[in-house]
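Take a look at the structure below.
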Amino acid sequence: MTIRRYWFVLTVFGIVTAVSVPLYLKPGKGCHPMAGGACGTPVSSPEGLLGVYDLAHPGLVKLYWLLALPLALLAMALYYRRAGALRRLGIPLALAAALVVLSAALTLRGWNGFRSTRLEPFYLAVFHGGTPLLVMAFVLLALALTERSVTLLTFAFMFLGVAIVANIYDSFFLLHSSGLPLDESQDPHGLRQVPNIAVPSALLILGGAAAFLLGRRRGRMGR
């Protein structure tokens, strides 16, 4: 039954993330000449490249997640309640609420991170386009503990790593660094942030599907 429960969480997170993908399109841009004729395109930032300010519709990203994330958590709570296991979702839901409140508070206060550069990654707590991915990752970690699922715990740690990379590094930079013939300074269609959301979404959906199929298989074997 454990696998049959958390497949729903993975799938819901994956769907709400997938629906948000078009919101991460940016105005198309090419090379921006700098002094000396070189092209300048930022490829990493301590606050995460999934910022909302340079998107085509930044307000829609904030509004979408303001509505989608609570609705996703509500759907999970209803599903677990129907399964008679709402207590197992208590800690993950409380953690999600705490992270959302913390991010909102730091964002409204205009927090600029710790003075120590060693703690600069904690600046990711300020809301930006990738904040929901981090919230999902920590919810999955907490859920894995309450469900006592090693499989989900392994997936959650993997997803946390993907979420952190997606928040910090530009997808075009990563693809170029991997050896693909991609000019990271050119983005005429405004797609450079789309993989940062699309890839985690695909992982969540695939993980949910795998958990569901495994649960059905174990259910049949147990008959």
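Just so it is clear, the model here is predicted, and its values are computed rather than measured. Along the sequence shown, residues carry numbers from 1. Reckoned from all heavy atoms, side chains included, excluding hydrogens, waters and symmetry mates.
- Note on I164: it does not cluster hydrophobically with L203, by side-chain heavy-atom contacts below 4.5 Å among ILVMFWY residues.
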Would you please test Y80 and L143 for side-chain contact (heavy atoms from CB on, under 4.5 Å) and show each step?
CA-CA 12 Å; Y80 266 67; L143 183 60; 3.7 Å; yes
Between E147 and V9, is a side-chain contact (heavy atoms from CB on, under 4.5 Å) present by the stated rule, with each step listed?
CA-CA 12 Å; E147 290 282 22; V9 175; over 6 Å; no
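- Annotation: side chain of L89 is not in contact with side chain of Y6 (no heavy-atom distance under 4.5 Å).
- Annotation: side chain of F159 is not in contact with side chain of T154 (no heavy-atom distance under 4.5 Å).
- Remark: the backbone N or O of V16 is paired with a side-chain donor or acceptor of Y64 at under 3.5 angstrom.
- More than 12 heavy atoms of other residues, nucleotides or ligands shown are found within 6.0 angstrom of CG on L78.
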Determine, stepwise, if the pair L204 / T11 fulfils side-chain contact (heavy atoms from CB on, under 4.5 Å).
CA-CA 6 Å; L204 289 167; T11 303; over 6 Å; no
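- A distance of 12.5 Å separates CG in L60 from CG in L66, rounded to the nearest 0.5 Å.
- Within the 4.5 Å cutoff, the side chain of L152 has no heavy atoms near those of the W7 side chain.
- Other residues, nucleotides and ligands contribute more than 12 heavy atoms inside 6.0 Å of the OH atom of Y79.
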Check the pair L10, F155 against side-chain contact (heavy atoms from CB on, under 4.5 Å), reporting the backbone distance first and the verdict last.
CA-CA 10 Å; L10 294 171; F155 179 89; 3.5 Å; yes
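- Looking at T17, its side chain never comes within 3.5 Å of a backbone N or O of S201 through a donor-acceptor pair.
- Hydrophobic clustering (ILVMFWY, side-chain heavy atoms < 4.5 Å, transitive): M136 and V165 are in one cluster.
- When every heavy atom of A156 is checked against every heavy atom of A137, the shortest pair comes out as CB-O, 4.5 Å.
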